[in-house]
Amino acid sequence: MIAPAILPARGAGDRLTGLFWRRPAVLVALLILPPLLWLGVIYLGALAALLLQSFYAIDEFSGIVVPEFTLKTYAELLRAQNLDIILRTALMAAAVTLASAVLAFPIAYYAARYARGGWKAAFYLGVMLPLWSSYLVKVYAWKLILAKEGILGWAASATGTGFLIDGLLAIPGFEGSSLSTSPFGTFLVFTYVWLPYMILPMQAALERVPASMLEASADLGATRAQTFRTVVLPLALPGVIAGSIFTFSLTLGDYIIPQIVGNSANFIGMAVYQLQGTAGNIPLAAAFAVVPIVIMLAYLWLAKKAGAFDAL
Amino acid sequence: MRSDRGPLSLRLAAIGGLLFLHLPILLIFLYAFTTEEKSYQFPPPGLTTKWFGVALWERPDIWPPLLLSLKVAAISTALALILGTLAAAAMSRARFFGRDQVTLLILLPIALPGVITGMSLRSAFGILDIPFSTWTIVLGHATFCIVIVYNNAVARLRRLSGGILEASADLGANGFQTFRHVLLPNMGSALLAGGMLAFALSFDEVIVTTFTAGQQSTLPIWMLNELVRPRQRPVTNVVAVVVFCATFVPILAAFYLTRGGSETAGSGK
């Protein structure tokens, strides 16, 4: 006896499979629904709550949050001391982004162009491990390095270069009793912690630059510097921008690093944390948290205008 | 004119950059053995292993945060594995209206700074009058762990040939049997890798957690408190070494699980 070509359904599983086959959209909807609900309700809901809170009023005498619409909280953001915090954070983010780009380039370029086989894997792991390893431990390691009695101070006094550190700490804006209490220390640690986030997209962009293009540039008589400036750099730019989005945004929001290393000058993240915690001023904390979102949106818009995404 | 190893200056700068990324972490290991308790003196005046014993036996305040961290990381990873895999399966299957927006929504929790995620959740808990608990921490952690699992699962699904799913259907398997006997074994290592990375990320997270934990203390929060107000510095160093290893091992394992693609069925044509 010959079995029929179409077997009868053997149960609910078969019937559902048939339904999914006839209507693939049902399956996709069923699959996407749980994650979409989670992210939509919890994440977007929370972001909406953040916006809502930032428009709430606070009773000046009792300090209790009143759910009434007001723009006073945002007006408070424009006070000199709060503008100071925003400006300081944005400047730090810009400095960290620049330094990361400069430090990341040789690593990304070497890994993309020259590293082969085992070295390629070593470079990949060499960037991935610091990126993923414990954030707090990394910050802590720098506390040990930058402390007055730590390894940097020891190395400086052993080699008689202590005046370099003293000179650095004497520069206006970098003042501190040691590197671990100087804004320069904050900058160093920020750069260290976010550097891998710059290397990876940069390397990805550089890997897409065809070697034949560099050879063509050399054949046409360009020097190494000219090739770099007119061929490599423009083609690497999307990667640099992508990396800078990470370094810039991560620095804007961080509050652990300036709390542990530096002169405890306020940053946006620290302001948010203190306002929601000890001060209990959730509306102002929420308004402060909206600032990085606005800055990042402006940043993305500018990057788009500059054509940074065209090559992606 | 181009040598295969690149100009010397470039090589030096690249290797210097990698050393800059790795040397600071090694220092933590040295300091876990120092005899100096009050400062970060270098070189350490003497070496001892007694702090491991002190951390183990004389500091009961370490254990509740450690247990809470493990619990939160386990629950968040489980949730992220389910939600991330579902999202990856849906996204790899079809192009549909709003697909790019959904991708953005999945990426957003790690693209925006942690302070925003943390403060947003804190605002929502405030408005809805939700008291802090283990679950408020889990809500935040699972949200940013989804994308880790999603990325790993999507990368594997992209490499997986659609042919083996069709072959399974041709041989009479229904969707659930195909999932159980074909899809899952092929996705296993990618999901394991994503799960381990998510676990490491959750175990180590501090920024979002400080907003969603209230008075509770996870291990990173315990460490943060010790950093701000040090008690026995070498004990903190010991915990730092343990935390580092607890995140380092899953990362290394995840790397080896996802490297190459030759073990994926149906990829050899």
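Any value given below was found using the heavy atoms of this structure, including those in side chains, with hydrogens, waters and symmetry copies removed. The sequence lines fix the lettering, A, B, ..., with proteins before strands; numbering per chain opens at 1.
- Within the 4.5 angstrom heavy-atom criterion, atoms from both the backbone and the side chain of B:Phe20 approach chain A.
- Only the side chain of A:Ile199 comes within less than 4.5 Å of a heavy atom in chain B; its backbone stays farther off.
- Counting heavy atoms from C-beta on, the side chains of A:Tyr43 and B:Thr117 come closer than 4.5 Å.
- Counting heavy-atom pairs under 4.5 Å between each of A:Val272, A:Thr251, A:Val193, A:Val290 and chain B puts A:Val272 at the top.
- When heavy atoms are compared at a cutoff of 4.5 Å, B:Ile146 approaches chain A solely by way of its side chain, counted from C-beta outward.
- Heavy atoms closer than 4.5 Å to chain B are found nowhere in A:Leu30, neither backbone nor side chain.
- Contacts of A:Leu214 with chain B are absent, with no heavy-atom separation under 4.5 Å from either backbone or side chain.
- Most heavy-atom pairs under 4.5 Å with chain B: of the set A:Leu51, A:Leu103, A:Leu129, this distinction falls to A:Leu129.
- With a threshold of 4.5 angstrom between heavy atoms, A:Leu27 approaches chain B through side-chain atoms but not through N, CA, C or O.
- Neither the backbone nor the side chain of B:Leu128 has a heavy atom closer than 4.5 Å to any heavy atom of chain A.
- Interface remark: A:Ala147 contributes side-chain atoms only to the contact with chain B (heavy atom separation under 4.5 Å).
- Looking at B:Asn174, its side chain never comes within 3.5 Å of a backbone N or O of A:Arg15 through a donor-acceptor pair.
- Residue A:Phe105: no heavy atom, backbone or side chain, is found under 4.5 Å from chain B.
- To the nearest 0.5 Å, the span separating CG on B:Leu112 from CD1 on A:Ile293 amounts to 6.0 Å.
- Using modelled atom types, one finds a donor on one side chain and an acceptor on the other under 3.5 Å when comparing B:Thr210 with A:Tyr255.
- The aromatic rings of A:Phe20 and B:Phe176 are tilted relative to each other, their planes meeting at an angle between 30° and 60°.
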Check the pair A:Trp132 / B:Thr247 against side chain to side chain donor-acceptor pair (under 3.5 Å), numbers first and verdict last.
CA-CA 8 Å; A:Trp132 276 96; B:Thr247 49; over 6 Å; no

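- The environment of A:Phe55 atom CZ is dense: over 12 non-hydrogen atoms of other residues, nucleotides or ligands sit within 6.0 angstrom.
- Contacts between B:Phe244 and chain A at a heavy-atom distance below 4.5 Å involve backbone atoms as well as side-chain atoms.
- Between chain B and the options A:Ile107, A:Ile151, A:Ile32, A:Leu136, the largest number of non-hydrogen pairs under 4.5 Å is found for A:Ile151.
- If you measure heavy-atom distances from B:Glu205 to chain A, you find no contacts under 4.5 Å at all.
- No other option in A:Glu149, A:Gln53, A:Lys138, A:Met128 has as many heavy-atom pairs under 4.5 Å with chain B as A:Glu149.
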